[in-house]
Amino acid sequence: MPKCDRAHLIFVRVKQKEFPIGQGAIANMHQQAQIPDPQTRAQNVARWREVNQQIDLLTLQLDELIAMVETGLREQRLARLQGKAEITNT
């Protein structure tokens, strides 16, 4: 991929799909926005719903991973404290 100025080319990558959002958006900043036709709007809404669902799934997976790490850390701390308590009691 040739080197590009960030202001001219920005990509949002979701699950190996690329959605260019840079060039046209920046070029049209001074022009009045046009409402796309119903078919284009429906496609955009469907695509954003899919992206939103993928982000929700990723968030849940990350939450699960965080919970697993926290559980492991709690178990390690408990084992360490129980080990110290046994040494103190003997």
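Keep in mind that the numbers below use all heavy atoms, side chains included, and drop hydrogens, waters and symmetry copies.
Residues W48 and I55 share a single hydrophobic cluster, defined by chaining ILVMFWY side chains whose heavy atoms lie under 4.5 Å apart.
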- Worked check of side chain to side chain contact (heavy atoms under 4.5 Å, CB included) between R47 and Q43: CA-CA 6 Å; R47 183 173 58 225; Q43 289 171 348; 5.9 Å; no

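No hydrogens or angles considered: nothing links the side chains of R41 and N44 as a donor-acceptor pair under 3.5 Å.
Rounding to the nearest 0.5 Å places CD1 of I66 at 9.5 Å from OG1 of T59. Between the CD atom of E75 and the CD atom of Q82 there is a distance of 10.5 Å, given to the nearest 0.5 Å. Rounded to the nearest 0.5 angstrom, L57 CG and L62 CG are separated by 9.5 Å. Residue Q53 holds its CD atom at 8.0 Å from CD of E50, rounded to the nearest 0.5 Å.
At most 12 heavy atoms of other shown residues, nucleotides or ligands fall within 6.0 angstrom of atom CD1 in I35.
By the side-chain hydrogen bond (donor to acceptor under 3.5 Å, both in side chains) test, D37 is found to be paired with T40, residues two or more places apart in sequence or in another chain being considered. With sequence neighbours left out, T71 forms a side-chain hydrogen bond (donor to acceptor under 3.5 Å, both in side chains) with R74.
R77 has its side chain within reach of R80: a pair of non-hydrogen atoms, C-beta onward, lies under 4.5 Å apart.
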